[in-house]
*Asks:* 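I'd like to ask some things about the structure below.
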Amino acid sequence: MTDTTYDLETLSIHAGCGPDSVTGARTIPVHQSTAFVFQDAEQAANLFALREAGFVYSRLTNPTVGALEEKLAAMDDGSAATCTSSGHAAQMMVMAALLTPGDEVASSQKLYGGSLNQFAVLFPTRFGWKSPTFNPTDPDGCKAIITDKTRAIFLESLSNPEGVVADLEAFAKIAEDAGIPLVVDNTMATPYLCKPKDFGANIVTYSTTKFISGHGNAMGGAVVDCGNFDWIKYGDKYPELGKPNPGYGDINFAETFGPAAFAIHNHAVGLRDIGCNQQPMNAYLTFVGSETLSLRMAKHCENALALAKFLKSHDKVSFVNYAGLPDSPNNANAKKYMKGQGGAVFTFGLKGGYDAGVKLIESVKLFSHLANIGDTRSLIIHPASTTHSQLDDAGKEKAGAGPDVVRVSIGIENYKDIEGDLAQALAQV
Ligand SMILES: *Cc1c(COP(=O)(O)O)cnc(C)c1O
């Protein structure tokens, strides 16, 4: 185990990373194996009964995936982490552990488009998990929708695409007073800009597909257990964690595993039953990519701030939503929670509306027109016709994805080239 008091820059390189105890390999091997041989019958029985930690079957645990889990937990100062096949799988697995039919999750109105759909349609219609929403700029509005059925608050620390920075401490207080966990999707911020646990979050989710892996080459998700929620005290609400679990030989996860209860439940029950494990090769790519997280995030933020300033003074642009700009309504929270920075992704409006947006996207040369963020490359998309197209017009406006809005994810190329490309494209709209 790496010393977890190291700084993030050091942890992102060393945490979870060997050398391999058998071969001495300095970086992590790809354990592309479905199953692992037991030493003897007793060890096999112990592994199945969770009396011993080890590897059984890669749907549950795998050494390569485990190395990434160790690193992600260390980077967020969590007790343990669980990797999943995607960010959406991470959200699904968290909610499946916390909610039963008829329960509620209070969720933010400003989420990634796919998450809005997951919470607004899949969860209530297929699982009976109701999902009343709140505006993340309004903690009181969140407090007002908490009922005795609410089992979690879910929000993005830095929202995709609009860049709203949630007042995490205010939401953590609401969650604490209600005796429910605050679940924070920290995909856009990454631990480089924000460690949600420092502000009272209990569970952190990621799409590692984005900045954590950073190169646009591997899908993945993760759930970090902050180890700070009292599942035993609230065992009546969370019998999966705080009471004997009939789905796992009547183990009481909270009593048996203490601060890592949620993470071990995520492996033993979540991955086992939902089957959304991350592949070893993807964990390897993500592991290697994450070594440069700090360098990349610094450059992403520097380029994005410069471009936001450029766009703000451009006569074809009606507005720029970038939390790193001093006059942004999100700047105060960005100072408190995001080291004053705004990340790499932001939206801006075109005076020419929908048609101008389409023309702009068709005119860029360096930017890639695609549905991803957090790549080393600069990316551009028109959310209203793509990522947020499943929402009605009011929902699009609420999510910050109106018809005139363009979303960019600024890469780590040379700044002059990025600005030059948007300048020539804007000249054509
Ligand atoms: C992309 C994204 C997700 C979903 O992650 P996938 O890996 O695509 O499943 C969730 N939250 C945010 C903020 C995202 O940007």
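Order of listing sets the numbers, starting from 1, for every ligand and every atom in it.
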*Asks:* With a 4.0 Å cut-off on heavy atoms, does G221 reach ligand 1?
*Replies:*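 Under 4.0 Å: no for G221.
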*Asks:* May I ask you to check whether T100 and D103 show a side-chain donor-acceptor distance below 3.5 Å?
*Replies:*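 Per modelled atom types, T100 and D103 side chains form a pair under 3.5 Å.
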*Asks:* Should D185 be counted as touching ligand 1, given the test is an N or O pair under 3.5 Å?
*Replies:*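 So ligand 1 has an N or O lying under 3.5 Å from an N or O of D185.
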*Asks:* Consider only side-chain N and O atoms of Q109 and T133, and report whether a donor and an acceptor are under 3.5 Å apart.
*Replies:*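 Side-chain D/A pair, Q109 to T133: present.
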*Asks:* With atoms numbered from 1 as shown, which atoms in ligand 1 lie under 4.0 angstrom from a non-hydrogen atom of M219?
*Replies:*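 The list of qualifying atoms is 7 (O), 8 (O).
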*Asks:* What do you reckon, are the aromatic ring centroids of F119 and F123 less than 6.0 Å apart?
*Replies:*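 Yes, they do, as the ring centres are separated by less than 6.0 Å.
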*Asks:* Suppose I only count heavy atoms of I373 and a 4.0 Å limit; which atoms of ligand 1 are within that range?
*Replies:*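 In order of numbering, the contacting atoms are 15 (O).
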*Asks:* Specify side chain, backbone, both or neither for A89, according to which of its non-hydrogen atoms lie closer than 4.0 Å to ligand 1.
*Replies:*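 Neither; no heavy atom under 4.0 Å.
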*Asks:* Angle class for the W231/F262 ring planes (parallel below 30°, perpendicular above 60°, tilted otherwise)?
*Replies:*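 Geometry flag for F262 against W231: parallel rings.
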*Asks:* Under 3.5 Å, is there a donor-acceptor pair between the Y206 and D76 side chains?
*Replies:*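 Side chains of Y206 and D76: pair found under 3.5 Å.
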*Asks:* Under 4.0 Å from a heavy atom of Q91: give me the atoms of ligand 1 that qualify, with their elements.
*Replies:*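 Those qualifying, in numeric order: 10 (C), 11 (N).
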*Asks:* Under a 4.0 angstrom heavy-atom cut-off, which atoms of ligand 1 come close to T209?
*Replies:*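 So the atoms of ligand 1 that pass are 7 (O).
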*Asks:* Answer yes or no for G220: is there a heavy-atom contact with ligand 1 below 4.0 Å?
*Replies:*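 In this structure, G220 qualifies as a contact of ligand 1 - some heavy atom is under 4.0 Å.
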*Asks:* Side chains of S207 and T187: is there a donor and an acceptor less than 3.5 Å apart?
*Replies:*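 Judged by distance alone, the side chains do not pair up.
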